[in-house]
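Here is the structure we will look at.
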Amino acid sequence: MVRIDIITCLPRLLDSFFAHSILKRAIDANHAEVVVHDLRDYSTSKHKNVDDYAFGGGAGMVMMIEPIANCIRSLQAKRTYDEIIYMTPDGERFEQKTANMLSMCQNLIILCGHYKGVDERVRQHFITKEISIGDYVLSGGELAAAVVSDAIIRLIPGVLNDETSALTDSFQDNLLAPPVYTRPADFEGIKVPEILLSGHEKKINDWRLEQSIERTKARRPDLLG
Ligand code: ADE
């Protein structure tokens, strides 16, 4: 069971993401708990502001430290967190090994950035891990938080029907996944590789491994080291 608290100024953006499919099933079955917190609820200002002008000038608003500190502290008063993660394009690049590690945690906070980012003091004093989902800039950290949460939750034992299927994902062994096929075995003359219809489990596994290696060599030679 992993609990993920997501702090955002756009909570509605995340609601539908967790209300469907594998994630919904995981949450309904108590494998995961995702709680979305509206940063505005923790603002102490009259107008519930969560951002302000940057000291020193320049374009773009900066997320203020007080609402974020209030929210994180109120969560920490209830439980201990393994990591307090900030989603940001200048964080460490998210990879499967990070997802594997985070899926073994009990409690995680994910803070979504917006505008020009958060006051640097939040990063210095509250954040324990900074994650980027790739070298491009999104308009907010919400989609990135959803990506990271999805990658974590599907790894929790019991979430996927076939427990072995997360283990055979691309990247788990530094190899891309092999091609897969389903019925019909012959679509307008385009046939499924004969070996997959043979029933020889050993030969099929050998073929899949060979395909994984070929595919990785062709598409992601960097993974082979
Ligand atoms: N926020 C904006 N862009 C992002 C990215 N690429 N990764 C994580 N958080 C982000």
Side-chain angles (χ1 to χ4, degrees), residues 2-20 22-23 26 32 34-43 49-56 58-72 75 81-105 107-156 169-172 219-220 222-223:
V2 180
R3 176 184 167 118
I4 305 177
D5 288 281
I6 303 180
I7 305 173
T8 168
C9 33
L10 291 172
R12 301 282 305 277
L13 210 57
L14 285 163
D15 289 345
S16 75
F17 187 79
F18 295 103
H20 298 283
I22 289 178
L23 294 190
V34 177
V35 187
V36 178
H37 304 271
D38 187 346
L39 199 50
R40 282 177 209 289
D41 294 341
Y42 297 86
S43 171
N49 295 333
V50 292
D51 61 325
D52 208 336
Y53 295 100
F55 277 130
M61 305 293 277
V62 176
M63 288 171 68
M64 298 189 293
I65 190 167
E66 285 120 324
I68 296 170
N70 290 342
C71 184
I72 291 175
L75 291 171
Y81 285 88
D82 301 287
E83 298 282 3
I84 303 177
I85 300 164
Y86 175 48
M87 301 310 307
T88 175
D90 58 6
E92 73 174 61
R93 184 90 61 88
F94 189 56
E95 289 184 358
Q96 189 64 49
K97 65 172 163 42
T98 318
N100 293 349
M101 186 273 282
L102 293 174
S103 75
M104 290 183 277
C105 292
N107 299 303
L108 299 169
I109 290 175
I110 303 181
L111 171 65
C112 305
H114 250 270
Y115 318 108
K116 274 284 155 198
V118 299
D119 188 306
E120 187 65 20
R121 292 167 292 182
V122 171
R123 300 172 72 161
Q124 288 168 342
H125 296 280
F126 291 96
I127 299 300
T128 61
K129 194 172 194 57
E130 302 191 325
I131 296 179
S132 163
I133 62 162
D135 286 347
Y136 41 82
V137 179
L138 302 166
S139 46
E142 285 75 15
L143 281 175
V147 165
V148 168
S149 301
D150 184 306
I152 293 170
I153 291 170
R154 62 190 296 287
L155 292 174
I156 300 169
D169 284 343
S170 284
F171 307 112
Q172 282 298 13
R219 301 183 183 195
R220 293 294 305 277
D222 57 298
L223 293 177

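Just follow the structure's listing: the first ligand is 1, and inside any ligand the first atom is 1. Note that the structure is a prediction, hence the values are computed from the model and not measured.
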(request) Report yes or no: does D82 contribute a side-chain atom to a donor-acceptor pair with the main-chain N or O of N107 at less than 3.5 Å? (result) yes

(request) Look at the side chain of S149 and the backbone N and O of A145, then say whether any donor-acceptor pair between them is shorter than 3.5 Å. (result) yes

(message) So if I apply the side-chain contact (heavy atoms from CB on, under 4.5 Å) rule between L111 and each of I6, T8, I7, D5, which one comes out positive?
(response) I7

Distances under 3.5 Å, N/O of ligand 1 against N/O of the protein: list each pair and its distance.
| unit_1 | atom_1 | unit_2 | atom_2 | d |
| --- | --- | --- | --- | --- |
| ligand 1 | 3 (N) | L138 | N | 3.0 |
| ligand 1 | 6 (N) | G134 | O | 3.1 |
| ligand 1 | 6 (N) | Y136 | O | 2.8 |
| ligand 1 | 7 (N) | I133 | N | 3.0 |
| ligand 1 | 9 (N) | T88 | N | 3.2 |

(request) Decide yes or no for H37 and Y42: does some side-chain heavy atom of the first lie under 4.5 Å from some side-chain heavy atom of the second? (result) yes

(request) Start with the C-alpha gap between M61 and N49, add the side-chain angles, then the distance that decides, and say whether side-chain contact (heavy atoms from CB on, under 4.5 Å) holds. (result) CA-CA 11 Å; M61 305 293 277; N49 295 333; over 6 Å; no

(request) Measure from the side-chain N and O atoms of T128 to the backbone N and O of I84, and report whether any donor-acceptor pair falls under 3.5 Å. (result) yes

